[in-house]
K.L.:
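The structure that follows is given in the form of structure tokens.
One-based numbering along the sequence shown.
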Amino acid sequence: QAQLEESGGGLVQAGDSLSLSCVGPGTFGTSGMGWFRQAPGKEREFVAGISWSGSSTDYADSVNGRFTISRHNALNTVTVYLQMNSLKPEDTSVYYCAARDPMRPTVATRPSEYDTWGQGTQVTVSS
């Protein structure tokens, strides 16, 4: 089964920056992909999404202007990045990378629209 692997989480202070990466097989080269986050006791929420080519992106209002999603499609791997700037304590969460079916190349904002998920990486922002 195709897998996604996130990395880059950690503990930072408010105002700092952090970059997350997500690596998956090249079969996701035609998939829309996204980042979600889930804090304890809360539902999983959309953070950012990107189309297969990277030409289209979408962001949650809470991160728009601070976070940037990008991707690199290689022959055998796909890497999706989430650059997070001006981090706030409320950004503290487990961040998940997700991929849509390879037949669905567009941006999507609902978890139900994604088929494959990573294990998540913890981001903690101290005040």
K.L.:
Locate the shortest heavy-atom distance separating L18 from V12; write the atom from each residue and the value.
P.N.:
CD1-CG1, 3.9 Å

K.L.:
Nearest 0.5 Å, what's the OG1-CE distance between T30 and M103?
P.N.:
8.0 Å

K.L.:
Roughly how far apart are Y95 OH and Q122 CD, rounded to 0.5 Å?
P.N.:
9.5 Å

K.L.:
Considering only heavy atoms from C-beta outward, does the side chain of W117 approach that of P111 to under 4.5 Å?
P.N.:
yes

K.L.:
Identify the heavy atoms of P25 and Q3 that sit nearest to each other, and give their distance.
P.N.:
CD-O, 3.2 Å

K.L.:
Just verifying a value: how many Å separate Q83 CD and S19 OG, rounded to the nearest 0.5 Å?
P.N.:
4.5 Å

K.L.:
Can you run down the salt bridge (charged side-chain N to carboxylate O under 4.0 Å, His left out) pairs that involve residues 30-41, sequence neighbours left out, and say none if there aren't any?
P.N.:
R37-E45, R37-D91

K.L.:
Assigning hydrophobic clusters by single linkage (Ile, Leu, Val, Met, Phe, Trp, Tyr; side-chain heavy-atom cutoff under 4.5 Å), is W52 placed with I50?
P.N.:
no

K.L.:
Would a 4.5 Å heavy-atom cut-off, applied to side chains only, mark T68 and L82 as touching?
P.N.:
no

K.L.:
Kindly write out the residues that satisfy side chain to side chain donor-acceptor pair (under 3.5 Å) with E5, not counting sequence neighbours, or none if the list is empty.
P.N.:
none

K.L.:
Are the side chain of T77 and the backbone of A74 linked by a donor-acceptor contact shorter than 3.5 Å?
P.N.:
no

K.L.:
Indicate, with yes or no, if the rings of Y59 and F46 have centres closer together than 6.0 Å.
P.N.:
no

K.L.:
Look at atom CD of E90 and say whether more than 12 heavy atoms of other residues, nucleotides or ligands are closer to it than 6.0 Å.
P.N.:
yes

K.L.:
What is the distance from atom CG of D16 to atom OG of S126, rounded to the nearest 0.5 Å?
P.N.:
8.0 Å

K.L.:
Between T124 (side chain only) and L11 (backbone N and O only), is there a donor and an acceptor less than 3.5 Å apart?
P.N.:
no

K.L.:
Shortest non-hydrogen contact from S55 to S53?
P.N.:
OG-OG, 2.9 Å

K.L.:
Working to the nearest 0.5 angstrom, can you tell me the gap between M33 CE and Y81 OH?
P.N.:
11.5 Å

K.L.:
Are V78 and V107 in one and the same hydrophobic cluster, where Ile, Leu, Val, Met, Phe, Trp and Tyr link if side-chain heavy atoms are under 4.5 Å apart?
P.N.:
no

K.L.:
Is there a side-chain contact between L20 and M84, using heavy atoms and a 4.5 Å cut-off?
P.N.:
yes

K.L.:
Could you walk me through whether W35 and F67 pass ring pair (Phe, Tyr, Trp, His ring centres under 6.0 Å), step by step?
P.N.:
CA-CA 11 Å; W35 287 95; F67 291 10; 10.0 Å; no

K.L.:
Just by distance, with hydrogens left out, do N73 and R71 show a side-chain donor and acceptor under 3.5 Å apart?
P.N.:
yes

K.L.:
Quick one: CG on L4 to CZ on F28, what's the gap to the nearest 0.5 Å?
P.N.:
5.0 Å

K.L.:
How about S51 and P105: do any of their side-chain heavy atoms sit closer than 4.5 Å?
P.N.:
no

K.L.:
What residue pairs, at least two apart or across chains, pass salt bridge (charged side-chain N to carboxylate O under 4.0 Å, His left out) with a residue in residues 103-112?
P.N.:
R110-E113

K.L.:
Same cluster or not: are Y114 and V94 linked, directly or through other Ile, Leu, Val, Met, Phe, Trp or Tyr residues, by side-chain heavy atoms under 4.5 angstrom apart?
P.N.:
yes

K.L.:
Group every Ile, Leu, Val, Met, Phe, Trp and Tyr by side-chain heavy-atom contacts under 4.5 Å, then state whether I69 and L87 land in the same group.
P.N.:
yes

K.L.:
Shortest non-hydrogen contact from S93 to A39?
P.N.:
OG-N, 3.1 Å

K.L.:
Work out which heavy atom in D115 is nearest to a heavy atom in R100; give both atom names and the distance.
P.N.:
OD2-C, 3.6 Å

K.L.:
On a heavy-atom basis, which atom in S17 and which in S86 lie closest, and how many Å separate them?
P.N.:
OG-N, 4.3 Å

